[in-house]
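Inspection log for the structure reproduced underneath, given as structure tokens.
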Amino acid sequence: MSKSFLQKKLEERRSLNAFRMLKTPSQSVDFCSNDYLGIVKKNLLKINQSTAAHGSTGSRLLSGNYGLIEEAENFIAHCHNAAAGLIFNSGYDANIGLLSCVPQKEDTILYDELMHASARDGMRLSFAASHRFKHNDADDLETKLQQLRSSAKEIFVVTESVFSMDGDIAPLQLISKICNEFEAHLIVDEAHATGVIGTHGFGLVQQLTLENACFARLHTFGKACGAHGAIVLGSEDLKQYLINFSRAFIYSTSLPPASVEAIMLSYKIFPTLDNERTHLKNLIQHFKSAVHKADLSNQLKVLESDTAIQGIIVPGNENVKALALQLQNNNLDVRPILYPSVPKLSERLRIVLHSFNTTQEMEALCKALV
């Protein structure tokens, strides 16, 4: 029997040394999860299992709407100085749900070239034209806005505040100023800033007081929040529009009360975690200093980042997998990011620092890298 098309595609992936496999968490030192503040590791979300239902029974427009989820939307919107918010089942759903339905056929989307796959998939489902601008390059964004200003009905500019693979931060003040000049609608995905950056971890947009400059913001709950789901923040009109036109919202069973209770609790404990954020900030600077002291940059390309996400470029799937395995054998849980998840020759170790990591663990990591 000839090989199926599935087998052929899988063999093609294996030939690239890019075959993905599921792996259960180990007991090694965690340098890979997005549990930045240790909310999951320390089991800080003590919800009442006897009263919080694990099913919501339907979509929000049918039987799945309830008081707690509306309370959560209002509470989180208030935390972020937003008029309104709408909860989605995941960050992926939120990006798909927003970007697939808001931009219309005569509109244009300009997006940072390193946007997350979920945002790209949402743009593909949209009827709007989409073009990328160079990563964190405000000049390139301005040039493209000048070119498109006369032809597009509405223009949407999409970026992240903290980028998930490089760990660098978008120049939001400059981007928002350019968007204002060209009357473009700014959308910011704050997934990797939530809980970590700004007062109480409420994000980079608020730290820079740019709330009113944004058409929409996305905050996800599956990273520093230690829960699941996401929220799209914006005007009350945007919320009602998404309820009426976002297929990812309309046709999904809503998050159950158990999940929403965990999200609410996470936001309530964020203000109590200033020490954790301070320790994480110090650990990031210590890591950068240790890497510089070890002269690691002469051996490997270390990406410039002031966030918990630290990237080390190791070109080639085979090479980066081998180095990751070496670290794992030293009881350090660091995972390789392979092509095609990142462009060829930019394969990398994605090192994630947490508030529960110690200076000794971080120094052991640097030593193992050298």
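All values reported here derive from a predicted model rather than from experimental measurement.
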Would you indicate whether the side-chain heavy atoms of [Y] and [X] approach each other to under 4.5 Å?
| X | Y | answer |
| --- | --- | --- |
| Val157 | Phe182 | no |
| Leu283 | Thr359 | yes |
| His192 | Ser161 | no |

Decide whether a cation-pi geometry holds between Lys41 and Phe356; the criteria are a distance under 6.0 Å from NZ or CZ to the six-membered ring centre and an angle within 45° of the ring axis.
-> yes

Using a side-chain heavy atom cutoff under 4.5 Å and only I, L, V, M, F, W and Y, what cluster partners does Leu125 have?
-> Tyr92, Ile96

Can His354 and Ser33 be counted as having a side-chain donor-acceptor contact under 3.5 angstrom?
-> yes

Is there a donor in the side chain of Asn282 and an acceptor in the side chain of His279, or the other way round, less than 3.5 Å apart?
-> no

Do Arg14 and Glu11 meet the salt-bridge criterion of a basic N to acidic O distance under 4.0 Å?
-> no

Selection residues 117-134 - residue pairs positive for salt bridge (Lys or Arg N to Asp or Glu O under 4.0 Å), sequence neighbours left out | Asp121-Arg124

Using the salt bridge (Lys or Arg N to Asp or Glu O under 4.0 Å) rule, collect all pairs that involve residues 69-96, keeping only residues at least two apart or in two chains.
-> Arg60-Glu73, Glu73-Lys239

According to a 4.5 Å side-chain heavy-atom criterion applied to Ile, Leu, Val, Met, Phe, Trp and Tyr, with indirect links allowed, do [X] and [Y] form part of one hydrophobic cluster?
| X | Y | answer |
| --- | --- | --- |
| Ile109 | Phe127 | no |
| Ile197 | Ile175 | yes |
| Ile312 | Leu325 | no |
| Leu141 | Val158 | no |
| Ile313 | Val342 | no |

Give the intermediate values and the outcome of side-chain contact (heavy atoms from CB on, under 4.5 Å) for residues Phe202 and His219.
-> CA-CA 9 Å; Phe202 288 156; His219 287 270; 6.0 Å; no

Paired with His135, the side-chain hydrogen bond (donor to acceptor under 3.5 Å, both in side chains) test is passed by just one of Asp140, Asp168, Thr159, namely Asp168

Under 3.5 Å donor-acceptor, Glu190 side chain and Leu204 backbone | yes

Decide side-chain hydrogen bond (donor to acceptor under 3.5 Å, both in side chains) for His185 and Glu154; before the verdict, give the C-alpha distance in whole Å, the side-chain angles of both, and the deciding distance to 0.1 Å.
-> CA-CA 8 Å; His185 306 292; Glu154 302 286 348; 2.8 Å; yes

Would Lys288 and Glu304 satisfy salt bridge (charged side-chain N to carboxylate O under 4.0 Å, His left out), going step by step from the backbone distance to the final call?
-> CA-CA 9 Å; Lys288 287 165 63 72; Glu304 181 58 37; 2.7 Å; yes

Compute the centroid of each ring, for Tyr267 and then for His80, and state whether the two points are separated by less than 6.0 Å.
-> yes

Specify the closest pair of heavy atoms between His116 and Ser164, including all atoms of both residues, with the distance to one decimal.
-> CD2-OG, 4.1 Å

